[in-house]
Amino acid sequence: MKKIFRKIHLWLSVPFGLIITLVCFSGAMLVFENEVNEWFRHDLYYVETVKESPLPMDKLLEKVATTLPDSVSVTVSTLLLVFVLISGIVIWWPRTRKALKNSLKITATKGWKRFWYDLHVAGGMYALIFLLAMALTGLTWSFPWYRTAFYKVFGVEVQQRAAQGHEQKSDAQKRDTKLAAHREKKREGNEVRKGERGGRPENNHSDMYSVTSPFVYWQEIYDKLGRQNPEYKQISISSGTASVSFNRFGNQRASDRYSFNTDNGEFTETSLYQHQDKSGKIRGWIYSVHVGNWGGMFTRILTFIVALLGAALPLTGYYLWIKRLIKVRK
């Protein structure tokens, strides 16, 4: 059995090892994505001069939209990483407790070959659970069939379908809302022009918003939610919806959700996180486990180290494989 797994481990690692290294290394960088972005693009997060009045929401969002990066898709290499990890643990797992204790040691005083061997074996054992967790959660974004099976394991198959139907319904509602908003804006524009003929516009809305702006009432929604949730971590607003998240361990995408009328800014629906269905919660947990931020800064640092170790495993494997080829030739 070990011979079969040894060949699987070798055949997958040699052609895809470098790609796996890049995937793990980029994953390590993404653990501190926000900090890196703030460091390199400091001008996007901080302002040198604070003026008396903030920039209007519509102008602000137009500036942000021009700086957003494009999304990048993951290769099938994550799936191969799972097979490499499983086959590796079958090959190197010791038979006795004493042998396991020795396998977990990394020796740096017995030559480079022994050091790279220990780093490959012991490093793989230390990082196994975390790398599997990151790989298995990451695959949910790559393959629909895997995502369906993953959700089913946690007993949310029915809820997921319901959520999909709700999302489809929400998309249709958004389209209807946009159409209705467009008609309403056109009607308001006509009323304003009629009022101007009499010497005074009939539109009583605040001057900081344009009648044709798609972001009307966003500032009001933000201010209302900020007052209602003084300990919030982040408030996100989109067309007709808003969410409020807090500083806490666990699901870092946990948030209270709100719906509001885009015509007058009034809240129409409130969905607290504790009352949301399992499908929505598990999506947040998948993300939190994948990037390692579920336990705060400690788990983020740990995930960063493990991801770097995962990036080093193929390189140490290449070294041992090349050494073996040289030995066989001699």
Side-chain angles (χ1 to χ4, degrees), residues 12-13 16-17 19-36 69 71-90 123-164 167 233-234 236 243 245 247-255 273 276-314:
L12 293 180
S13 299
F16 298 102
I19 300 177
I20 292 175
T21 293
L22 293 176
V23 169
C24 291
F25 182 78
S26 62
M29 298 301 103
L30 288 176
V31 172
F32 294 100
E33 178 183 10
N34 294 333
E35 287 79 2
V36 171
S71 59
V72 181
S73 59
V74 181
T75 69
V76 76
S77 298
T78 306
L79 181 60
L80 299 179
L81 174 61
V82 174
F83 289 104
V84 170
L85 290 172
I86 295 175
S87 60
I89 203 64
V90 172
M125 290 184 178
Y126 284 124
L128 175 67
I129 300 300
F130 288 93
L131 287 176
L132 278 177
M134 288 185 280
L136 293 175
T137 52
L139 288 173
T140 59
W141 291 296
S142 301
F143 303 104
W145 60 266
Y146 178 88
R147 179 168 57 250
T148 301
F150 191 93
Y151 276 54
K152 188 174 182 180
V153 169
F154 290 91
V156 294
E157 180 180 10
V158 175
Q159 292 89 332
Q160 183 187 15
R161 290 173 180 172
Q164 291 175 347
E167 291 174 357
K233 178 180 71 174
Q234 180 176 334
S236 302
S243 63
S245 59
N247 285 311
R248 51 192 171 193
F249 292 146
N251 181 1
Q252 294 302 298
R253 287 192 168 180
S255 61
Y273 173 74
Q276 294 171 12
D277 56 32
K278 291 183 179 179
S279 62
K281 292 180 179 180
I282 195 174
R283 282 194 294 270
W285 271 106
I286 288 173
Y287 172 81
S288 301
V289 172
H290 185 70
V291 300
N293 63 4
W294 56 271
M297 184 57 68
F298 173 75
T299 55
R300 292 179 69 192
I301 294 175
L302 187 60
T303 301
F304 175 78
I305 296 173
V306 168
L308 289 181
L309 186 57
L313 290 178

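- With sequence neighbours left out, Phe143 forms a ring pair (Phe, Tyr, Trp, His ring centres under 6.0 Å) with Trp145.
- Heavy atoms from other residues, nucleotides or ligands lying under 6.0 Å from CZ of Phe150 number more than 12.
- Residues passing the ring pair (Phe, Tyr, Trp, His ring centres under 6.0 Å) test with Phe16: none are found, sequence neighbours excluded.
- The shortest side-chain heavy-atom distance between Tyr273 and Lys281 falls under the 4.5 Å cut-off.
- Closest approach of Phe304 to Met29, counting heavy atoms only: CE1-CE, 3.6 Å.
- One finds the OG atom of Ser87 at 6.5 Å from the CG atom of Leu12 (value rounded to the nearest 0.5 Å).
- Separation of atoms CG (Leu80) and CD1 (Ile19) is listed at 8.5 Å; rounding is to 0.5 Å.
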Worksheet item: Step by step, would you call Ile20 with Val84 a side-chain contact (heavy atoms from CB on, under 4.5 Å)?
Response: CA-CA 10 Å; Ile20 292 175; Val84 170; 4.3 Å; yes
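- Taking every heavy atom of both residues into account, Lys233 and Asn247 meet most closely at CD-OD1, 2.9 Å.
- Annotation for Val289 and Ala133: closest pair CG1-CB, 4.1 Å, computed over non-hydrogen atoms.
- Considering only heavy atoms from C-beta on, Val306 comes within 4.5 Å of Met134 through its side chain.
- With a 6.0 Å radius and a threshold of 12 heavy atoms from other residues, nucleotides or ligands, Phe130 has its CZ atom at or below the threshold.
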Practice prompt. For Cys24 and Leu81, run side-chain contact (heavy atoms from CB on, under 4.5 Å): C-alpha distance rounded to whole Å, both residues' side-chain angles, the deciding distance at 0.1 Å, then the answer.
Written response: CA-CA 10 Å; Cys24 291; Leu81 174 61; 4.2 Å; yes
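- Here the shortest heavy-atom pairing between Ala254 and Ser245 reads O-CB, 3.6 Å.
- A search for side-chain contact (heavy atoms from CB on, under 4.5 Å) contacts involving Ile301 returns Phe32, Met297, Ile305, not counting sequence neighbours.
- The heavy-atom pair separating Val156 from Ser279 by the smallest distance is CG1-N, 4.3 Å.
- Between Ile89 atom CD1 and Leu128 atom CG the span is 4.5 Å, to the nearest 0.5 Å.
- Ala312 meets the side-chain contact (heavy atoms from CB on, under 4.5 Å) test with no other residue; sequence neighbours excluded.
- Considering every non-hydrogen atom in both Ser142 and Pro144, the closest pair reads O-CD, 4.0 Å.
- Enclosure of atom OH in Tyr146 by more than 12 non-hydrogen atoms of other residues, nucleotides or ligands within 6.0 angstrom is indicated.
- Not counting sequence neighbours, the partners of Val82 by the side-chain contact (heavy atoms from CB on, under 4.5 Å) test are Ile86, Leu132, Ala135, Leu136, Leu139.
- Contacts classified as side-chain hydrogen bond (donor to acceptor under 3.5 Å, both in side chains) and involving residues 286-313 (residues at least two apart or in different chains) are given here: Glu35-Arg300, Thr137-His290.
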